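Because the structure is a prediction, the values reported are computed rather than measured.
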Amino acid sequence: MTDFHRIKRLPPYVFEQVNRIKAAARANGADIIDLGMGNPDLDAPKHVIAKLVETAGRPRTDRYSASKGIAGLRRAQAAYYQRRFGVTLNPDTQVVATLGSKEGFANMAQAITAPGDVVLVPNPSYPIHAFGFLMAGGVIRSVPAEPTPAFFPALERAMQHSIPKPVALVVCYPSNPTAYVASLDFYRDLVAFAKRHEIILLSDLAYAEVYFDGVPPPSVLEVPGAIDVTVEFTSMSKTYSMAGWRMGFAVGNERLLAALTRVKSYLDYGAFTPIQVAATAALNGPDDCIAEMRGIYKKRRDALVESFGKAGWPIPTPAASMFAWVPIPERYRSLGSLEFSKLLLEKSDVAVAPGVGFGEFGDDYVRIALVENEQRIRQAARNVRRFFDGTDKTLHNVVPIAKAG
């Protein structure tokens with residue numbers, strides 16, 4: 001099976017190693033506190049579920065749906081962008097419904113990538129940002145993930161030293177896994193860069209509504225003229241706790257979205273119509289459920305920062321997203337993130353995501369997801385504290401493993 005061309009281009013799935021240990025521990029009766037996968041544990045809003053139930057079984061709703069999304073759903077997403085960002089979109093040509101933002105990203109890569117095309121991708125970054133283009137035959141060149149002044153000189157170097165010239169740049173703010181947040185000024189410089197170098201800008205805005213300090217993250221499409229070069233991807237997975245429903249959107253440049261629509265027309269018939277109708281109800285409905293979601297994640301973030309800090313593991317406070325991007329404690333850093341994550345799971349029954357799974361520049365970190373309640377997060381901190389306190393006893397036979405590279 002490993003002889004297949006596209007499979008050979010994919011690196012080993014790092015998270016699977018942690019998942020195997022987690023499954024084995026649970027099979028043996030361990031109570032694993034899983035802070036690894038960003039899989040929302042909150043319920044979808046009741047009015048959204050009610051609309052799904054109401055629509056399912058109606059005449060014609062079991063038939064194939066529209067690949068680019070039903071008209072009402074696309075209008076609802078356009079209305080959301082107008083309401084939230086002040087961005088005007090044509091729902092017929094500038095909005096496409098996707099089966100989650102992940103599918104949208106992967107199929108956009110298929111639509112725009114020729115064999116050997118170079119794409120600039122942050123490192124560390126959410127895996128589909130790179131792997132979608134690898135599967136499409138592209139070549140990845142890593143650029144910094146943090147939106148600082150050093151970002152643009154690094155981009156300029158990447159453009160100068162890449163042959164052929166890069167065709168696209170991926171950004172993701174609020175970021176998965178790092179929780180970095182970009183400003184509108186940063187986006188202005190980003191759009192100017194993309195236009196100057198005539199490259200496509202692909203923005204992942206899946207965590208637009210998960211923010212904690214009263215400052216809503218902007219959309220790059222708020223920058224005048226950004227739509228000339230940009231497609232932005234959003235998701236209902238985190239905003240409405242609808243991860244398993246697989247509903248997302250791509251919005252922006254008409255030409256790029258026409259290419260995505262054409263690829264999708266060969267591959268899918270869109271989401272189940274009742275799901276699209278329910279998603280429309282979510283976008284058009286009251287937003288108190290979003291504020292409630294945000295409040296729950298903020299309390300979990302605060303519990304994580306406080307309890308882990310008391311346990312001897314300082315947590316940088318994320319301003320947005322449902323993740324904390326956490327440096328591995330110095331005494332364990334030589335293990336690398338994968339071995340440390342495995343050790344943490346075995347010794348404290350706490351699962352986290354190894355940073356190397358998001359790129360080699362993440363190997364000094366782990367990602368912690370806010371997907372357990374406050375009580376469980378505090379229990380995780382107590383477990384970690386016991387592990388740290390017992391390090392001399394439990395690690396006497398552990399040989400530090402040199403990090404790759």
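- A pairwise comparison of heavy atoms in T55 and T61 identifies O-OG1, 3.5 Å as the closest pair.
- With sequence neighbours left out, R262 forms a side chain to side chain donor-acceptor pair (under 3.5 Å) with no residue at all.
- One finds the OG atom of S219 at 14.5 Å from the OH atom of Y173 (value rounded to the nearest 0.5 Å).
- Look at D213 and R301 and you find a salt bridge, because one of the NZ, NE, NH1 or NH2 atoms lies within 4.0 Å of a carboxylate O, short of that distance.
- The ring pair (Phe, Tyr, Trp, His ring centres under 6.0 Å) search around F340 returns W313, Y332, not counting sequence neighbours.
- Listed by first and then second residue, the salt bridge (Lys or Arg N to Asp or Glu O under 4.0 Å) pairs that reach into residues 10-20 come to none, sequence neighbours excluded.
- Partners of D288 by salt bridge (charged side-chain N to carboxylate O under 4.0 Å, His left out), not counting sequence neighbours: none found.
- For F249, there are no ring pair (Phe, Tyr, Trp, His ring centres under 6.0 Å) partners at least two apart in sequence or on another chain.
- Figure legend: cation-pi geometry between R294 and Y211, with NZ or CZ positioned under 6.0 Å from the six-membered ring centre and within 45° of its axis.
- A97 and M247 get closest at one heavy-atom pair: CB-SD, 4.4 Å.
- For the residue pair T230/N253, the side-chain donor-acceptor check at 3.5 Å is not satisfied.
- Summarising the geometry of I21 relative to K342, their closest heavy-atom pair is CD1-CG, 3.4 Å, with the distance given to 0.1 Å.
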For residues 144-157, run the donor-acceptor check on the side chains, cut-off 3.5 Å, and write out each pair with its distance to 0.1 Å, sequence neighbours left out.
| unit_1 | atom_1 | unit_2 | atom_2 | d |
| --- | --- | --- | --- | --- |
| T148 | OG1 | A150 | N | 3.4 |
| E156 | OE1 | H197 | NE2 | 3.0 |
| E156 | OE2 | R196 | NH2 | 2.8 |
| E156 | OE2 | H197 | NE2 | 3.4 |

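- Both the sub-6.0 Å distance and the 45° axial angle are satisfied by R331 relative to the ring of F388.
- R376 pairs in a salt bridge (Lys or Arg N to Asp or Glu O under 4.0 Å) with only one of the listed residues (D31, D34, D41, D349), which is D31.
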Would L202 and V171 count as a side chain to side chain contact (heavy atoms under 4.5 Å, CB included) here? Give the steps. CA-CA 6 Å; L202 301 176; V171 293; over 6 Å; no
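- Ring-centre distance between Y126 and F105: not below the 6.0 Å cut-off.
- No side-chain donor-acceptor contact under 3.5 Å links N176 to the backbone of C172.
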